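The structure appears right after this line, and notes come after that.
As the structure lists them, so they are numbered: ligands from 1, and atoms in each ligand from 1. Note that the structure is predicted; figures quoted are calculated from it, not measured. In this chain, residues are counted from 1 in sequence order. Every heavy atom of this structure was used, including side-chain atoms; hydrogens, water molecules and symmetry mates were not.
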Amino acid sequence: MNQKLLEPVTVIKGIGQETAEALKEMKIFTVKDLLEYFPYRYEDYRLRDLADVQHEEKVTVEGKVHSEPSLVYYGRKRSRLTIRLLIGRYLISCVFFNQPYLKKNIAMNETITVTGKWDKHRQTLTATEVHIGSKAHNQDFEPVYSVKGEVTVKGIRRFIKLAFSQFFQEIEESIPEHFIQKYKLLNKQTALRALHFPENETDVKQARRRFVYEEFLLFQLKMQALRKFEREHSSGISQNYKIDQVKAFIKDLPFPLTQAQKRVVNEIMVDLKSPYRMNRLLQGDVGSGKTVVAAIALFASVSAGYQGALMVPTEILAEQHAESLHSMLQVHGIRCTLLTSSVKGKRRKEILQLLADGEIDVLIGTHALIQDEVHFRNLGLVITDEQHRFGVEQRRVLREKGESPDVLFMTATPIPRTLAITVFGEMDVSIIDEMPAGRKSIETYWAKHDMLDRILGFIEKELTKGRQAYVICPLIEESEKLDVQNAIDVHSMLTHYFHGRYAVGLMHGRLPSEEKDQVMKEFSLNEVQLLVSTTVVEVGVNVPNATMMVIYDAERFGLSQLHQLRGRVGRGEHQSYCILLADPKSEVGKERMKIMTETNDGFELSEKDLELRGPGDFFGKKQSGLPEFKLADMVHDYRALETAREDAAQLIHSSVFWDSPEYEQLRIHLQLTGVLEGEKLD
Ligand code: ADP
Ligand code: MG
């Protein structure tokens, strides 16, 4: 990096202390900051044929003055100046508000250039800018910058021009030459010039393409360098599992693994064996078979002489997992135990003792499991399931638990690849993108709220067949209290409707957790046939006899969340149904409901959701953790993101990257962002 560019903006002739202060407000400190302060759009001054211009669109035209300007005053300060302007074969009106002085500048038959808003119906242009003569601007495109405080757009244009004339020669290429060649990118000088002083649209496009790639490449280099250093410096454990036993275990499973499961198991096995600490995210759609993958990993860890832990968000889930893991692992002599907050007194003490003595191999439970009083003898592997709302901080706490155990995060909320490689850039990502054979897809319908009568009939039909159903209540994001009230109302309506025939349970977030578990238990034992619930059932519950789900106000949910909810049915041998009650007003809303009825593929849905709602909404406003890019857009430029990611990976893992002069600029960049000092993650 050229040191001169890292000097404060005051080294630019024409920029003084005062301007520098004002620029600081816009986070512009150095010459480089100023040179790389990108416009967010361009004013288009190309002359256009009025026939192609939309009503109210902004346009620049050039024409001949065809009438004496007529000036009308109304009030002391307000005036309107009107002229007739001949543009080719069009004769239009041109209006200037509050610029009476123009009258004497504009003469009959003179050529003028006018920019303004076009009123198609009245054939009138309301002018915002006028230039006497033709070709008003040297540039067809003028950059528009976002500004703050004292700084104006004209001002910043001027400062950038000053910076350019003085420092243009100092601008150095940051992207390695072979990538520039390979992707036919503009070099940095040309691209910067094109962004700030473009001659046409193509200039801007090409320049933008270059900087999008640069931003992604630098970002990915940083993430991957961090990951590399974490690996090299973290003292994880190398688990020498018994490969023959693991193979035998897999062979004993009641079904063959899918190709995707095999691939993911292999990725995890490599991590377990390696001396670095596993930090892996496992994504797999609902029902794709993550639990068995977890079982294999736990088995391997135990065979290497370590203990394992599986952590889930609710007690009911913990019980279900304990049961299924127990049935898979017990026959192989592995001791599984459940620990939740309901395990108390003597039993709890006993479990804690056994755990500390290494007499328990696998502990399954809720958050209770990583509390201070819980001591493992030698914890080797921690797995969390359905923790798809965990934040960066929680991930860190978990990683720091115990003597650097390997950590696997499982989630059923498919995260679009673009987000996965940015937000979870510091983790390795495994994906199960294949369903076990023979899985029935859920039939999904979209109905309006006024069709409730028919839907009640539909529910009843399923109940008559001996099946069960969920009814998910309206969601009012601002108020949990109202959500609860809604659930209570729907519950009482349905209790009334099915009175004497079927039992209706109620579940919501404000119930004490014992009650929640009680209700879920009744539902899973089919003592309750119909469960009215808020979205708390979203996570991992497994009641295979439930074949029907009705979701109120479906348009308020994200597609991924709807998919997650819908995944509660379709878990048994019977055909399942999901009915989305929604009266969306917007086209996007309708589109979203339609997509839900058309696909059962969680990844496809999550990509669509991201496209329709944007990355901010995807994770919810609170903890997006999304990186910010100046020009690049993670969603629309995702191809470039992928490319940059692969390029960055190759660089980071090649030895030339660390010493060849060709990559010096990139290494300096890493240094500037603190990576090379070995700065900690998170
Ligand atoms: P999820 O990914 O949602 O946690 P589960 O692990 O609960 O999915 O698996 C869903 C069901 O699919 C379970 O009943 C499990 O036994 C079954 N299953 C998992 N893998 C396979 C497979 N390869 N072939 C057939 N069934 C499988
Ligand atoms: Mg699961």
Side-chain angles (χ1 to χ4, degrees), residues 246-268 280-299 308 310-314 316-332 336 362 364 366 383-390 408-415 420 429-442 470 520 524 537-547 549 560-576 578 600-603 605-606:
V246 176
K247 279 186 178 155
F249 176 76
I250 293 174
K251 218 166 148 223
D252 277 356
L253 290 170
F255 42 73
L257 294 182
T258 61
Q259 286 308 316
Q261 283 171 322
K262 281 184 197 161
R263 191 186 60 234
V264 165
V265 165
N266 280 330
E267 288 164 352
I268 294 169
R280 185 172 286 279
L281 177 69
L282 170 56
Q283 300 187 59
D285 211 339
V286 201
S288 62
K290 294 184 293 296
T291 313
V292 65
V293 170
I296 296 167
L298 289 166
F299 180 89
L310 177 68
M311 196 168 90
V312 298
T314 65
I316 183 91
L317 250 189
E319 279 170 31
Q320 283 182 1
H321 271 307
E323 215 166 282
S324 57
L325 285 180
H326 184 78
S327 71
M328 280 189 264
L329 295 170
Q330 180 77 3
V331 286
H332 294 269
C336 298
V362 173
I364 298 135
T366 50
I383 303 179
T384 70
D385 190 20
E386 308 289 4
Q387 288 285 95
H388 58 276
R389 290 188 205 293
F390 55 77
L408 179 69
F409 297 91
M410 304 201 295
T411 175
T413 302
I415 298 160
V429 178
S430 290
I431 299 176
I432 305 184
D433 50 6
E434 179 189 359
M435 284 289 177
R439 196 57 61 77
K440 281 203 187 68
S441 70
I442 302 161
Y470 295 95
M520 276 319 300
S524 60
V537 295
E538 190 183 335
V539 275
V541 171
N542 189 24
V543 181
N545 192 46
T547 54
M549 174 173 283
S560 292
Q561 200 182 5
L562 285 175
H563 182 63
Q564 184 78 21
L565 281 166
R566 175 170 70 178
R568 297 311 105 213
V569 297
R571 304 176 82 82
E573 54 191 307
H574 305 285
Q575 177 59 50
S576 288
C578 174
N600 268 290
D601 181 332
F603 274 98
L605 284 171
S606 78

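Taking a cut-off of under 4.0 Å to the non-hydrogen atoms of Ser288, the atoms of ligand 1 that pass are 2 (O), 8 (O). Listed by atom number, the atoms of ligand 1 under 4.0 Å from Asp285 heavy atoms are 2 (O). Below 4.0 Å from some heavy atom of Pro256 lie the following atoms of ligand 1, by number and element: 22 (C), 23 (N), 24 (N). Within ligand 1, counting atoms from 1 as listed, the ones closer than 4.0 Å to a heavy atom of Thr258 are 23 (N).
In terms of polar-atom proximity, defined here as any N/O pair under 3.5 Å, Pro436 makes no such contact with ligand 1. Checked against a 3.5 angstrom limit, the closest N/O atoms of Gly287 and ligand 1 fall inside it.
Checked options Ile383, Leu408, Val264; the residue passing with Arg280 is Leu408 (criterion: side-chain contact (heavy atoms from CB on, under 4.5 Å)). The side-chain contact (heavy atoms from CB on, under 4.5 Å) test with Ser324 singles out one residue from Val292, Thr291, Ile364, and that residue is Thr291. The one candidate from Gln283, Glu267, Arg263 that meets the side chain to side chain donor-acceptor pair (under 3.5 Å) condition with Ser430 is Glu267.
At a heavy-atom distance under 4.0 Å, no atom of Met410 approaches ligand 1. If you look at Leu257 next to ligand 1, the close heavy atoms, those under 4.0 Å, all belong to the backbone.
Looking at heavy atoms from C-beta onward, Leu257 lies in side-chain contact with Ile296 at the 4.5 angstrom threshold.
Gln330 CD: more than 12 foreign heavy atoms inside a 6.0 Å radius.
Taking the six-membered ring where the residue is Trp, Phe249 and His332 present perpendicular rings, their angle passing 60° and hence far from 30°.
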